[in-house]
There are 2 protein chains.
Amino acid sequence: MLNQVADLDRVFQALTDPGRRSMIERLSQGPASVSELARPLSMSLAAVVQHVQVLEASGLVRSQKTGRTRTCAINPAALRTAESWISERRTLVERRLDRLGEYLAETAGVPDAWPAGQPPRRSSSDPEENR
Amino acid sequence: MLNQVADLDRVFQALTDPGRRSMIERLSQGPASVSELARPLSMSLAAVVQHVQVLEASGLVRSQKTGRTRTCAINPAALRTAESWISERRTLVERRLDRLGEYLAETAGVPDAWPAGQPPRRSSSDPEENR
DNA sequence: GTAATAGTGAAGCATCCGCTTGACTATTCG
DNA sequence: CGAATAGTCAAGCGGATGCTTCACTATTAC
């Protein structure tokens with residue numbers, strides 16, 4: 001349970017790649033061999049093996065070799081780790097925004113907008129206000 | 001709403017970096033300037049600006065410049081995007097595993113373990129069974 | 001036994017990432 | 001005014017990432 005930062009690192013890192021996400025999607029339907037995972041993915045089998053290794057290192061996937069085929073399966077606990085991290089921050093933000101919303105009720109013509117403090121006295125030249 | 005793949009890419013990509021996650025954590029308490037975000041993060045201000053740019057490109061953060069300071073705030077919608085993706089896959093997996101569990105009830109001595117199909121007849125030399 | 005299948009390991013390569021430094025601009029403080 | 005603050009821009013650098021190919025092993029099918 002220690003070292004959650006590095007864990008989150010590896011999980012989000014693993015989820016970054018679209019190919020790996022598509023493997024996760026495939027695996028959420030049920031276990032699959034490496035070749036099955038490779039099939040829809042225009043890249044070499046070796047590349048897919050490497051992706052599987054990343055997924056395993058992150059804990060998102062477990063695998064087991066039987067005969068000559070390696071069967072991969074999802075470990076939902078790892079998904080939960082990432083999901084909780086996001087969820088906790090999101091609820092925090094939303095609660096804060098809700099409180100702010102009911103406190104301000106309505107103030108300016110902007111209904112749902114910027115939660116800043118001061119009335120922004122702007123400078124004359126304003127090369128890029130929002131991004 | 002199109003191009004969700006690229007969106008997810010950018011969001012997970014943004015969440016990969018521990019520095020950026022710590023900025024998200026700070027921002028979930030409320031808006032902050034770039035310098036405030038930089039304070040606890042032993043790295044140059046320029047580096048932090050670059051991280052903020054990544055966060056903005058992902059949609060996780062919005063910012064607005066007033067005077068000489070840029071104020072950053074979280075956009076919870078982007079958090080929801082990532083959270084839903086994970087959540088959907090996780091529930092899928094868990095439901096499948098539940099069905100499987102009640103179907104098998106108990107079969108072998110392993111209570112909560114491998115959801116494979118065949119009784120794995122193993123080969124004699126088995127250099128690395130699981131990873 | 002021979003051949004096809006499934007995967008592994010290692011090297012190499014182009015590109016991307018995170019960061020630094022240095023020069024510069026715009027704003028605010030005294 | 002001049003100095004400090006807050007941020008921006010651009011170049012550059014070392015290390016990680018995402019592939020590829022080639023050689024090789026173990027298993028299964030004929």
Side-chain angles (χ1 to χ4, degrees), chain A residues 5-6 9-23 31-39 41-58 61 63-72 116 118 120-131, chain B residues 5-6 9-23 31-58 61-72 116 118 120-131:
Chain A
V5 173
D9 251 25
R10 277 189 284 267
V11 172
F12 283 126
Q13 167 77 357
L15 292 176
T16 296
D17 188 90
R20 283 191 294 258
R21 279 203 308 277
S22 99
M23 298 187 204
S33 73
V34 177
S35 315
E36 278 176 292
L37 293 177
R39 195 118 42 219
L41 243 42
S42 47
M43 75 180 74
S44 74
L45 183 62
V48 174
V49 170
Q50 286 168 24
H51 282 302
V52 169
Q53 279 163 7
V54 172
L55 288 168
E56 289 200 286
S58 77
V61 163
S63 83
Q64 187 191 234
K65 196 162 181 178
T66 302
R68 68 182 163 178
T69 83
R70 175 171 298 277
T71 304
C72 306
Q118 292 81 353
R121 284 174 294 100
R122 303 268 208 58
S123 59
S124 45
S125 68
D126 219 341
E128 33 176 351
E129 172 207 326
N130 324 262
R131 302 193 257 195
Chain B
V5 173
D9 250 26
R10 277 189 285 265
V11 171
F12 283 126
Q13 168 77 358
L15 292 175
T16 296
D17 187 88
R20 282 191 295 258
R21 281 202 308 277
S22 101
M23 298 187 204
S33 73
V34 177
S35 316
E36 279 176 292
L37 293 178
R39 196 118 44 216
L41 279 181
S42 47
M43 74 179 71
S44 74
L45 183 62
V48 174
V49 170
Q50 284 168 25
H51 282 303
V52 169
Q53 279 162 6
V54 172
L55 288 168
E56 290 201 286
S58 77
V61 163
R62 300 289 180 83
S63 84
Q64 186 192 235
K65 195 162 183 179
T66 303
R68 67 181 165 178
T69 83
R70 176 172 297 276
T71 304
C72 306
Q118 292 82 354
R121 286 173 293 97
R122 301 267 211 59
S123 58
S124 45
S125 68
D126 218 340
E128 34 175 349
E129 174 209 324
N130 329 257
R131 312 192 250 192

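If you're wondering where the values come from, they're calculated on a predicted model, not measured in any experiment. Convention: sequence-line order gives letters A, B, ...; per-chain numbering from 1.
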Report summary line: B:Leu15 atom CG is separated from C:dC17 atom P, nearest whole Å, by 15 Å
Requested in this report: Round to the nearest Å and state the distance from A:Asp9 atom CG to D:dT17 atom C1'.
Outcome: 14 Å
Query raised in the report: Under 4.0 angstrom, heavy atoms only, what part of the nucleic acid is B:Gln13 near: base, sugar-phosphate, or nothing?
Result: sugar-phosphate
Query raised in the report: At under 4.0 Å, does any side-chain N or O of A:His51 touch on OP1 or OP2 of D:dC19?
Result: yes
**Report entry** Trace of the side chain to side chain donor-acceptor pair (under 3.5 Å) decision for B:Ser63 with B:Glu56
**Finding:** CA-CA 8 Å; B:Ser63 84; B:Glu56 290 201 286; 2.8 Å; yes
Requested in this report: May I have the distance from A:Leu45 (atom CG) to D:dC22 (atom P), rounded to whole angstrom?
Outcome: 16 Å
Query raised in the report: For A:Lys65 and C:dT5, what is the distance between atoms NZ and P respectively, to the nearest whole Å?
Result: 17 Å
**Report entry** side chain to side chain donor-acceptor pair (under 3.5 Å) evaluation trace for B:Thr16 with A:Thr16
**Finding:** CA-CA 8 Å; B:Thr16 296; A:Thr16 296; 3.1 Å; yes
Report summary line: note: A:Glu36, atom CD; C:dT5, atom P; distance rounded to Å ~ 15 Å
Report summary line: Walking DNA chain D from its 5' end, the first of B:Arg39 and A:Ala47 to be reached, judged by nearest nucleotide, is B:Arg39
Query raised in the report: Does a nitrogen or oxygen in the side chain of B:Arg68 sit under 4.0 Å from OP1 or OP2 of C:dC29?
Result: no
Query - N/O (side chain, A:Thr69) to phosphate O (OP1/OP2, C:dA6) under 4.0 Å - result: no
Query - Rounded distance (Å) that lies between atom P of D:dA16 and atom CZ of A:Arg10 - result: 14 Å
Requested in this report: Please figure out whether A:Ala46 or A:Val54 has its closest DNA chain D nucleotide nearer the 5' end.
Outcome: A:Val54
Query raised in the report: CG of B:Leu15 to CZ of B:Arg21: how many Å apart, nearest 0.5 Å?
Result: 7.5 Å
Report task. Spell out, as yes or no, whether a donor-acceptor pair under 3.5 Å connects the side chain of B:Arg70 to the backbone of B:Val49. Result -> no
Requested in this report: Could you tell me whether the phosphate oxygens of C:dG18, OP1 or OP2, come under 4.0 Å of any side-chain nitrogen or oxygen in B:Arg20?
Outcome: yes
Query raised in the report: So does B:Gln50 reach the base of C:dC19 with its side chain, donor to acceptor, closer than 3.5 Å?
Result: yes
**Report entry** Whole-Å gap separating P (D:dG18) and CE (A:Met23)
**Finding:** 10 Å
